[in-house]
Amino acid sequence: MSKILFKDLAEYFGKEIEIQGFVDKIRDLQYVQFVVLRDSTGKIQMTIEKNEDNKILNDIVSSMTKESTILAKGTVFEQEKVKLRGMEFIPSNIEITSKSEEELPIDILDYNNKSKQDLRLDNRFLDLRLDKNYLIFKGQTLAEMAMREYWIKNDFIEIHSPKILGTASETGAEVFELEYFGKKVYLAQSPQFYKQMAMGAGFNNVFEIGPVFRAENSHTAYHATEFTSVDCEISWIKSHEEVMDLEEEKLVHVMKTLKETIGDNFKTIFKKEIMVPENRFPRIPFLEAKQIVQENYKYFGEKSYDFDRREEELICLYAKKKYNSEFVFVTDYPFEARPFYHMLDEKTNLTKSFDLLYKGIEITTGAQREHRIDVLKKQALEKDMSLDSIDFYLNFFKFGMPPHGGYGFGLTRFLMRLFEVDSIRDVTFLYRGPNRVMP
RNA sequence: GGUCCGGUAGUGUAGUGGUUAACAUGCCAGUCUGUCACACUGGAGAUCGCGGGUUCAAGUCCCGUCCGGACCGCCA
């Protein structure tokens, strides 16, 4: 790769180089012109004096518009006078490689006239030019890398399960129907059944990072109809505690990696620190968590068997205060709130399941799965499911199935809370929701 | 799906039923000895989401409709 990234320009002081970038700002004064250029890694000021020798360059700058792309040849120098990084680029040649229209549909400078979200999403390619948006996707890339690093080190296999399904994948959410050569098929809501199949295949430990589809008509800041789900499943476990150990260890590695690689940028742009967990994540049984919320915050949720949004926020507040943890596991939910394949604890009759909450929102659901086919069938019937519709799935359990468990992790929800942005739309490359399928 | 709120120059907002719809920013032109959110002067730019109604008069009030947002429910 020969392109010189702007972040590395200090390595080239005094050398004749070629740079390319977007025109960020133009300040055309009487005797001198300043053009600030931008690439994804930084900015650099280009300075051109107005005189006879520079006439050609001066005319090019005069005809330039912001957000155009240019290619410039010249020399970069240390220059104390320049507040932007204390350096400047003196061009000997400038070529406008693509000229932008004068007026942009959104205000990407974003000082005080922050454009409305709907308009920004219509023009997402411009919105994404902001450095904070670049950092979000850099963060996503690194988070995924850190997870893969952890899994590969621990002998996991990566799978790619199908997204076109002959039957719904049963997360409890609504499914999208599709016409498929005259038949009705569904978009996957979750790789759930297939990662369990991998357990039956003897793969021991698997993971998948991929898209899932939910036909929920949800109008909130933390729902999307298509999002990236991070799933993993492990064999030969004795309880859901082991699944939580796994997720916790993985997340600590992710947070460490993020802090090390983008911690400084994160602080500059978002004015916040990435907090690497120092203690174990608290694990609070659901029934106890209910009580804690009621006793400490005098809040009584309507449903006895599940949390509402407010309860999720309050238990996170409690975990932060009492354990100084941004993460908290809530465990052992009643069967009523869980899908049929979660294993029940024989003593308590509660599920061997957990949710992981992060800064006030649910980012994971996990459990030990029921691997005994007779019990599994019984639980499906209790949830009013037809055994015919999941016949292919039950089949996985007929010929030896290791005890296993796993979890699904909402990557976008995680990013949303990591960067503390208000909407899942800001951490999704192109958001898909009930009212948006374009661009 | 439910409740509430909103839609006015490119963008973000203001706008007591009554002149030429205001402000900021952006854009264009000019002025300006190195700017750095440059500054200054001037200019262009709005069928006030759409349709109907009330009224002498509607951006403003009423009804409908479309689009969007927040919260709730559902879930990652």
Side-chain angles (χ1 to χ4, degrees), chain A residues 24-36 43-51 62 65-67 79-88 90 100-123 126-127 170-175 189-192 209-231 301-303 306-310 312-313 337-339 355-358 361-366 407-417 422-425 427-428 433-436:
Chain A
D24 196 72
K25 285 201 179 82
I26 305 165
R27 290 189 275 269
D28 194 344
L29 311 190
Q30 189 175 21
Y31 296 109
V32 65
Q33 295 169 316
F34 303 104
V35 177
V36 176
K43 294 180 184 180
I44 180 70
Q45 176 175 294
M46 185 164 76
T47 305
I48 308 108
E49 281 186 29
K50 278 186 175 171
N51 56 40
S62 298
T65 53
K66 283 198 266 188
E67 295 307 317
Q79 173 57 271
E80 275 180 33
K81 275 195 278 191
V82 181
K83 288 181 188 166
L84 182 68
R85 306 170 69 197
M87 59 174 82
E88 68 182 350
I90 309 297
S100 167
E101 291 184 15
E102 285 88 0
E103 285 200 307
L104 303 178
I106 58 169
D107 181 7
I108 73 167
L109 288 176
D110 210 23
Y111 292 117
N112 39 30
N113 294 346
K114 197 175 161 64
S115 300
K116 285 179 180 158
Q117 184 181 63
D118 196 40
L119 205 58
R120 286 191 290 117
L121 292 183
D122 282 342
N123 298 282
L126 288 173
D127 191 35
E170 285 308 333
T171 63
E174 295 293 316
V175 287
Q189 304 160 288
S190 155
Q192 183 60 38
I209 300 177
V212 295
F213 306 89
R214 305 277 166 95
E216 297 287 350
N217 197 2
S218 300
H219 297 98
T220 79
Y222 44 88
H223 283 88
T225 48
E226 175 178 351
F227 62 93
T228 304
S229 178
V230 175
D231 279 86
E302 274 186 28
K303 279 185 296 190
D306 207 352
F307 273 171
D308 62 26
R309 286 284 305 116
R310 185 78 190 130
E312 284 177 3
E313 281 166 12
R338 300 308 231 192
D355 278 2
L356 177 62
L357 310 184
Y358 175 47
I361 196 163
E362 178 188 340
I363 60 167
T364 280
T365 293
Y407 64 85
F409 170 95
L411 181 63
T412 28
R413 280 209 182 160
F414 167 72
L415 291 171
M416 184 182 163
R417 295 325 301 144
D422 293 332
S423 174
I424 199 163
R425 289 155 225 195
V427 295
T428 308
N435 296 326
R436 179 169 288 276

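Per chain, numbering begins at 1; letters A, B, ... match sequence-line order.
Minimum atom distance to the side chain of A/Glu312 is reached by B/C75, of the listed B/C32, B/A76, B/C75. Nearest nucleotide to the A/Thr412 side chain, out of B/A76, B/A37, B/U35: B/A76. Closest to the side chain of A/His223, out of B/G12, B/G34, B/A76, is B/A76. Distances from the side chain of A/Glu102 to the nucleotides B/C27, B/G73, B/U35 place B/C27 closest. Which of B/G34, B/G12, B/A76 sits closest to the side chain of A/Leu119 comes down to B/G12.
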Do A/Arg425 and A/Met416 pass the side chain to side chain contact (heavy atoms under 4.5 Å, CB included) test, and can you show the C-alpha distance, the side-chain angles, and the key distance before you say yes or no? CA-CA 9 Å; A/Arg425 289 155 225 195; A/Met416 184 182 163; over 6 Å; no
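Counting any heavy atom pair closer than 4.0 Å across all strands shown, A/Ser218 reaches a base atom. Residue contacts for A/Leu29: at a heavy-atom cut-off of 4.0 Å it reaches a base atom on one of the strands shown. Within 4.0 Å (heavy atoms only), A/Glu88 reaches at least one base atom of the nucleic acid. At the heavy-atom level, A/Ile424 lies under 4.0 Å from base atoms of the strands shown. In this structure, A/Asp355 reaches neither bases nor backbone, as no heavy-atom distance under 4.0 Å exists between it and the strands shown.
For RNA chain B, runs of at least 3 consecutive pairs of the Watson-Crick or G-U wobble type, with both hydrogen-bonding distances under 3.5 angstrom, map to B:1-7 with B:66-72, B:10-13 with B:22-25, B:27-31 with B:39-43, B:49-53 with B:61-65.
Taking atom CD1 of residue A/Ile26 and atom P of nucleotide B/A37, one finds them 17 Å apart after rounding to whole Å.
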Taking only N/O atoms, report every protein-nucleotides 65-71 of chain B pair under 3.5 Å with atom names and distance.
residue	atom	partner	partner atom	Å
B/G68	OP1	A/Asn435	O	3.2
B/G69	OP1	A/Arg425	NH1	2.6
B/C71	N4	A/His219	O	2.9

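OP1 or OP2 of B/C27 has at least one side-chain nitrogen or oxygen of A/Lys66 nearer than 4.0 Å.
Checked by atom type and distance alone, the side chain of A/Arg436 pairs as donor or acceptor with a backbone atom of A/Asp118 at under 3.5 Å.
The aromatic ring of A/Phe227 stacks onto the base of B/A76, its centre lying under 5.5 Å from the centre of the six-membered base ring with the two planes under 30° apart.
Between A/Asn217 and A/His219, some side-chain heavy-atom pair lies under the 4.5 Å cut-off.
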